[in-house]
Amino acid sequence: MQKYQIENMEIKRDFYLQKLISRKHNGMVKVVTGLRRCGKSYLLFNLFKKHLLESGVDSDHIIEIQFDDFSYKKYRQAEEAYKFVKEKITDSQMYYILLDEVQLLESFEDVLNGFLHIQNADTYVTGSNAKFLSKDIITEFRGRGDEVHINPLSFSEFMSVYPGKKEDGWNEYVIYGGLPAIVQKQTAEEKSAYLKNIFEETYFSDIIERNKVRNTEELQELVNILSSSIGSLTNPKKLADTFLSVKKSKISQETIKNYLEYLCDSFLISGSFRYDIKGKKYIETPLKYYFSDIGLRNARLNFRQLEETLTMENIIFNELKKRDYNVDVGVVQISEKNSEGSCSRIQYEIDFVVNQGYKRYYIQSAFAMPDREKVLQEERPFLKIQDSFKKIIIQKDCAMPYYTEEGILVMGIFDFLLNENSLEI
């Protein structure tokens, strides 16, 4: 098994490595995207490079440029980078071009398009910004760009090196999250300081500089509001109203919309749209927003508001996204008669409607179900859905998966997170 080395600890990242391996020689530029410090460079320059060497590729047929390294600064010029690569290719065997933080390369789309015309070259790049790499490259290449998105450590990856029990590992993970560097830190003070510093000095600085944000206090306050309300339905209007009523500050809906796009483009947060299950259509607004790393969210709030219910929901969302599912918020609208016999419209919410090809799952996140009444409460939205797709409740503690009388699968959070095929139980 290929592993991710942190000092004397190894973290498995096979899920992403296999994605790169399966895309070799496919005639596209492989674009590795993801949040800063989540392991993109290590995946490409250590794990994937090691795979190439073990597969018999000569080291001089692996061409590397790390554009954020000062020693490679001159290669940020398009002509210099292209010339450097072309001069390395001296025979007809396959060459592998590995480029790190490619958004620092001027006219990078043109340069990468040029590499596509080299028949014996296979190109892989990393970048930290979706706006440059996920959108522009795919558009520019017209189907010749292939994205591999990497996330912070999943709970199973975290547990592959955690020395204690899964229950203790969970207690660490729900507070400090899964950025790889967190595994190195020994004390709570070190972990907290790292997360707070990287949020301020790296993520915010990147967003402000890249998008030329002038009112940085507004952006900071928006992140605080989102951090306090993960998993809550919201939209620019609601957020603008919150600024006005709570912060006594007026901010336009358009500005908030732009800020939300900046945060999503940097991979700090992800939005989940509402889907009308019976009407089979999307509801454009409001959305739910989740943090790509729960430790960053907690650090933003100075590790207050550590509600495990909301944290668990966020972690389930991230795990589903990591498994390449499309994840929406489910809405079931029905008419029901009240005690007086008149009809009224009632709306039920399902935490996640999960799709992948022909597969679909309906999932509820329920921290605890101490009695039959709570079980019925979680089951009720499922019973309003008239289809045969699997319906699942994930709770914190559950000795082993079981099916309720209504055919609904109930499983514990560890069964879900530690088994990549858990939805198929």
Side-chain angles (χ1 to χ4, degrees), residues 4-11 13 34-43 46 66 68-70 100-101 126 128-129 150-210 213 216-230 259 262-263 266-270 289-308 310-312 314-315 318:
Y4 174 34
Q5 183 74 37
I6 299 181
E7 295 183 344
N8 63 335
M9 294 176 288
E10 294 177 326
I11 301 178
R13 309 234 70 181
L35 186 72
R36 280 192 182 274
R37 306 293 188 267
C38 71
K40 300 184 303 296
S41 300
Y42 201 93
L43 172 67
N46 291 72
Q66 300 186 43
D68 60 344
D69 187 328
F70 183 78
D100 196 26
E101 300 296 355
T126 76
S128 301
N129 179 264
I150 181 171
N151 302 287
L153 301 179
S154 67
F155 183 64
S156 62
E157 290 172 325
F158 176 85
M159 285 305 300
S160 71
V161 294
Y162 185 78
K165 298 184 298 183
K166 60 189 177 185
E167 292 81 6
D168 295 329
W170 172 260
N171 292 335
E172 287 274 322
Y173 189 78
V174 296
I175 295 175
Y176 302 112
L179 290 180
I182 283 295
V183 182
Q184 298 176 348
K185 311 300 180 184
Q186 299 301 311
T187 67
E189 290 75 17
E190 289 177 329
K191 295 173 183 178
S192 299
Y194 172 78
L195 290 169
K196 289 180 181 179
N197 181 70
I198 196 173
F199 209 128
E200 196 70 36
E201 301 299 325
T202 301
Y203 302 132
F204 266 132
S205 295
D206 279 355
I207 293 169
I208 290 166
E209 179 180 353
R210 185 180 300 119
V213 176
T216 59
E217 290 184 4
E218 287 182 346
L219 178 63
Q220 298 254 11
E221 192 56 49
L222 175 62
V223 173
N224 291 342
I225 293 171
L226 293 172
S227 300
S228 296
S229 57
I230 53 172
Y259 288 167
Y262 301 160
L263 294 168
S266 68
F267 301 117
L268 268 174
I269 63 173
S270 292
Y289 289 96
Y290 296 96
F291 276 75
S292 60
D293 182 76
I294 200 66
L296 289 171
R297 176 265 182 185
N298 293 338
R300 189 62 202 165
L301 296 174
N302 289 316
F303 298 93
R304 300 187 301 269
Q305 295 182 242
L306 299 177
E307 308 96 330
E308 201 169 353
L310 297 178
T311 301
M312 190 176 95
N314 198 136
I315 290 171
N318 288 343

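These figures come from a predicted structure and were not determined experimentally.
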| Ion pair present between R36 and E101, side-chain N to carboxylate O less than 4.0 angstrom? |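 Between E101 and R36 there is a salt bridge, with a charged N closer than 4.0 Å to a carboxylate O.
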| query | Is it true that E307 and R297 make a salt bridge, defined as a side-chain N closer than 4.0 Å to a carboxylate O? | reply |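 Yes, E307 and R297 are salt-bridged.
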| task | Check whether more than 12 heavy atoms from other residues, nucleotides or ligands sit under 6.0 Å from atom CD of E167, and answer yes or no. | result |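 Buried by this count: over 12 neighbours within 6.0 Å.
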Distance in Å, [X] [atom1] paired with [Y] [atom2], rounded so as to fall on 0.5 Å steps:
X    : Y    : atom1 : atom2 : value
S292 : L35  : OG    : CG    : 4.5 Å
Y203 : D293 : OH    : CG    : 7.0 Å
D100 : K40  : CG    : NZ    : 7.5 Å
I230 : I315 : CD1   : CD1   : 8.5 Å
C38  : R13  : SG    : CZ    : 6.5 Å
T311 : Q305 : OG1   : CD    : 10.0 Å

Please report the shortest heavy-atom distance between [X] and [Y], naming the atom on each side.
X    : Y    : answer
Q184 : Q186 : O-NE2, 3.0 Å
I294 : G177 : CG2-CA, 3.8 Å
G39  : P180 : N-CG, 4.4 Å

| query | Step by step, would you call Y259 with V213 a side-chain contact (heavy atoms from CB on, under 4.5 Å)? | reply | CA-CA 9 Å; Y259 288 167; V213 176; 4.0 Å; yes
Examine distances only and state if a side-chain atom of [X] and a backbone atom of [Y] form a donor-acceptor pair shorter than 3.5 Å.
X    : Y    : result
E157 : S154 : yes
K191 : I182 : no
T202 : F199 : no
E190 : T187 : yes
N298 : I175 : yes

Mind checking whether [X] and [Y] have side chains closer than 4.5 Å, heavy atoms only?
X    : Y    : answer
Y262 : L268 : no
L306 : V174 : no
N318 : F291 : no
I198 : L296 : yes
L263 : L226 : yes
E172 : F158 : yes
V183 : I11  : yes

| query | Can you name the side-chain hydrogen bond (donor to acceptor under 3.5 Å, both in side chains) partners of N224, sequence neighbours left out? | reply |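 Per chain and number, N224 pairs via side-chain hydrogen bond (donor to acceptor under 3.5 Å, both in side chains) with R300.
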| request: Please name all residues satisfying ring-ring contact (aromatic ring centres under 6.0 Å, His included) with F155, sequence neighbours left out, ordered by chain then number. | output: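 Result, ring-ring contact (aromatic ring centres under 6.0 Å, His included) vs F155: W170, Y173, F414.
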| field | Stepwise side-chain contact (heavy atoms from CB on, under 4.5 Å) test for D168 and Y162 | value | CA-CA 9 Å; D168 295 329; Y162 185 78; 3.4 Å; yes
| Could you walk me through whether S41 and Q66 pass the side-chain hydrogen bond (donor to acceptor under 3.5 Å, both in side chains) check? | CA-CA 9 Å; S41 300; Q66 300 186 43; 5.7 Å; no
| query | What do the steps show when you test Y176 against F303 for ring-ring contact (aromatic ring centres under 6.0 Å, His included), and what is the final call? | reply | CA-CA 9 Å; Y176 302 112; F303 298 93; 5.7 Å; yes
